[in-house]
Amino acid sequence: MKSFASPLMAAAALAATLTLPACNDSKSAAVSENQQASAVIGTAADSAETATITTAGTATAANTGNTGSPATIPAGKRADAATITARPQVPILCYHQIRDWRPRDSKGAKDYIVPVEQFKAQIKMLADSGYHAILPDQLYAYLTTGAPLPSKPIMLTFDDTDLDQFTVAKPTLDKYGYKAVYFIMTVSLGRPNYMSKAQVKQLSDEGNIIGSHTWDHHNVKKYQGHDWVTQIEKPTKQLEEITGKKINYFAYPFGLWNPEAIPELKKRGMDAAFVLAEKRDQQDPLYTIRRIIASGYWSPRTLHNSIVQSF
C-alpha cells in the first residue's frame with residue numbers, strides 16, 4: 001500500500017469551512033462520515049499497479065479518437081470486475097474552487113481552493129510533463145476492453161458548478177488543449193458565483209464532459225425512497241436537456257458511497273461513478289473509480305509526487 005503525506009481535510013467537512021452562496025446548508029455530513037472521509041483523503045488506499053498502461057504513443061486525447069460511449073461496447077465484450085481492478089489506474093484529479101484565498105478562508109478550506117496562479121502552474125506542469133487529458137468514455141473503454149490510451153493519461157475533473165471553473169479553469173485548460181469533466185450540482189445553476197445553464201452547455205458543446213453531482217450535494221449514504229428521484233434522476237434529466245446529450249457519469253458528494261447506491265445509479269443510466277481516494281469496491285470497480293483532490297497548498301512538484309504515489 002502506498003500513502004503520501006497530505007494536508008487535506010475530510011471531504012465531508014468542506015461544508016463547515018466554505019461559505020458557498022447556493023448550498024451552505026446542503027453540503028453536510030455526519031461526524032462519523034467525516035472520519036471516513038478523512039481516511040479517504042489522507043491515504044491513497046489502493047496501491048498502484050506495477051504493469052504499464054497500454055498507450056497509443058504520444059498521441060493527444062483528441063487524435064486517439066473517442067472510442068465510443070459505453071453503449072457501443074457490447075456487454076459480452078466488457079471485462080469482469082477482477083480484470084478491471086487489475087488494470088493500472090489512471091490518475092484522476094478533483095478540483096473545486098479556482099480563486100485566490102480570502103482572509104475569511106479557513107486553513108481547511110484552502111485545500112479545496114486553488115489560487116489562480118497556483119492552478120495555472122499545476123496545469124502547466126502537467127503539460128510540460130507530457131500528460132494527456134482523457135475523458136470518461138476513453139477511461140471506460142480502457143477499463144472494460146483494454147483499449148489503448150495516450151501516453152501518460154490523466155483525467156481532470158471539477159465538482160460543484162463553481163463559476164471560476166468556467167471563467168478561470170477553462171481558459172487555462174484551453175491553452176494546453178485539455179478537456180475536462182464537470183460534475184454539476186444542479187441546485188446552483190444560475191446562482192451568483194455559479195455557472196449558468198448556457199455555460200454548462202458551452203462546456204459540453206466544446207467537447208468537455210458534463211456529469212451529475214446530485215441536486216444539492218446531499219450524502220448518497222443517506223438516500224431513501226424518493227431521494228433517488230430528487231437527487232439523481234431529475235438532475236440528470238435536467239442536464240440532458242441542457243446539453244442535448246446522455247449523462248453517463250456521476251460523482252458522489254464528499255466521495256461517500258455505499259453498495260446500495262450502485263444499483264440505483266445503474267437503473268438511472270450511469271455507466272460509472274467516481275469516489276475520492278478510498279479503496280475501490282472489488283465487485284463494482286466502475287462505480288468506485290478513484291480520484292484525488294488537488295490541494296490549494298500543493299506546488300506543481302507536490303502535485304506531481306502525489307499523482308505518482310497515489311496511482
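Using a distance-only test at 3.5 Å, with no hydrogens or angles considered, a donor-acceptor pair links the side chain of Thr288 to the main chain of Asp281. Counting only distance, with no hydrogens or angles, the side chain of Thr214 and the backbone of Gln231 share no donor-acceptor pair below 3.5 Å. Here the side chain of His132 pairs no donor or acceptor atom with the backbone of Lys152 at under 3.5 angstrom. Listed for the Asp105 side chain is no donor-acceptor partner under 3.5 Å among the backbone atoms of Lys110. Here the side chain of Ser129 pairs no donor or acceptor atom with the backbone of Tyr131 at under 3.5 angstrom. Checking side-chain atoms of Asp100 against main-chain N and O of Val116 turns up a donor-acceptor pair under 3.5 Å. Using a distance-only test at 3.5 Å, with no hydrogens or angles considered, no donor-acceptor pair links the side chain of Arg99 to the main chain of Ile113. Checked by atom type and distance alone, the side chain of Asp164 never pairs as donor or acceptor with a backbone atom of Thr167 at under 3.5 Å. A donor-acceptor pair under 3.5 Å is absent between the side-chain atoms of Asp162 and the main chain of Tyr194, judged by distance alone.
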Show your reasoning for whether side-chain contact (heavy atoms from CB on, under 4.5 Å) applies to Leu276 and Arg290. CA-CA 5 Å; Leu276 290 175; Arg290 295 177 60 250; over 6 Å; no
Quick one, Gln122 with Gln118, criterion side-chain contact (heavy atoms from CB on, under 4.5 Å). Give me CA distance, side-chain angles, the key distance, then yes/no. CA-CA 6 Å; Gln122 289 182 1; Gln118 188 82 313; 3.9 Å; yes
Mind running ring pair (Phe, Tyr, Trp, His ring centres under 6.0 Å) on Phe274 and Phe183 for me, showing each step along the way? CA-CA 10 Å; Phe274 295 79; Phe183 289 108; 5.6 Å; yes
Take Ile289 and Leu139, measure what side-chain contact (heavy atoms from CB on, under 4.5 Å) needs, and give me the verdict at the end. CA-CA 10 Å; Ile289 299 173; Leu139 178 66; 4.1 Å; yes
Does the side-chain contact (heavy atoms from CB on, under 4.5 Å) test come out yes or no for Asp160 and His213, once each step is laid out? CA-CA 7 Å; Asp160 297 351; His213 197 43; 3.0 Å; yes
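Contacts of Trp228 classified as ring-ring contact (aromatic ring centres under 6.0 Å, His included), with partners at least two apart in sequence or in another chain: Tyr223. By the side-chain contact (heavy atoms from CB on, under 4.5 Å) test, Ala198 is found to be paired with Ser196, residues two or more places apart in sequence or in another chain being considered. For Phe250, the ring-ring contact (aromatic ring centres under 6.0 Å, His included) test picks out Tyr252, with sequence neighbours left out. Applying the side-chain hydrogen bond (donor to acceptor under 3.5 Å, both in side chains) criterion to Gln283, with sequence neighbours excluded, gives no partner residue.
Thr157 OG1 to His96 NE2: the interatomic distance, rounded to the nearest 0.5 Å, is 8.0 Å. If you take CD1 on Ile242 and CD on Gln202, they are separated by 13.5 Å, rounding to the nearest 0.5 Å. Atom CG of Leu265 and atom CG of Asn248 lie 12.5 Å apart (nearest 0.5 Å). We find the OG-NZ distance between Ser69 and Lys246 to be 8.0 Å, quoted to the nearest 0.5 Å. Here the straight-line distance linking atom CD of Glu240 with atom CD1 of Ile247 works out to 5.5 Å at 0.5 Å rounding. The CD1 atom of Ile209 sits 10.5 Å away from the NZ atom of Lys179 when rounded to the nearest 0.5 Å.
In this structure, Lys234 and Val229 have side chains that are in contact, with non-hydrogen atoms separated by less than 4.5 Å. Side chains of Ile134 and Pro150 form a contact here, defined as non-hydrogen atoms less than 4.5 Å apart. Between Lys245 and Ser204 there is a side-chain heavy-atom pair separated by less than 4.5 Å. Contact annotation: the side chain of Val181 never approaches that of Leu156 to less than 4.5 Å [non-hydrogen atoms, C-beta and beyond]. Residues Tyr176 and Lys124 meet the side-chain proximity criterion, which asks for heavy atoms closer than 4.5 Å. Counting heavy atoms from C-beta on, the side chains of Gln138 and Met155 never come closer than 4.5 Å. With contacts defined as side-chain heavy-atom distances shorter than 4.5 Å, the pair Met270/Tyr249 does not qualify.
Salt bridge absent: Glu241 and Lys237 never bring a charged side-chain N and a carboxylate O closer than 4.0 Å. A salt bridge links Glu206 to Lys170: at least one charged side-chain nitrogen sits closer than 4.0 Å to a carboxylate oxygen. The residues Lys266 and Asp284 are annotated as salt-bridged, a charged nitrogen and a carboxylate oxygen being separated by less than 4.0 angstrom. Salt bridge Asp271/Arg78: absent, no basic N to carboxylate O contact under 4.0 Å.
Here the two rings, on Phe119 and Trp298, have centers that are 6.0 Å apart or farther.
Within the structure, salt bridge (charged side-chain N to carboxylate O under 4.0 Å, His left out) contacts touching residues 192-201 (residues at least two apart or in different chains) are Lys201-Asp205. Identified under the ring pair (Phe, Tyr, Trp, His ring centres under 6.0 Å) test for residues 147-171, with sequence neighbours left out: Tyr95-Phe158, Phe158-Tyr182.
Each of Leu126, Ile123, Ile293 was compared with Leu93 under the side chain to side chain contact (heavy atoms under 4.5 Å, CB included) criterion, and only Leu126 meets it. The side chain to side chain contact (heavy atoms under 4.5 Å, CB included) test with Thr144 singles out one residue from Thr83, Asp80, Leu286, and that residue is Leu286.
Applying the 6.0 Å contact sphere to NZ of Lys175 captures no more than 12 heavy atoms from other residues, nucleotides or ligands.
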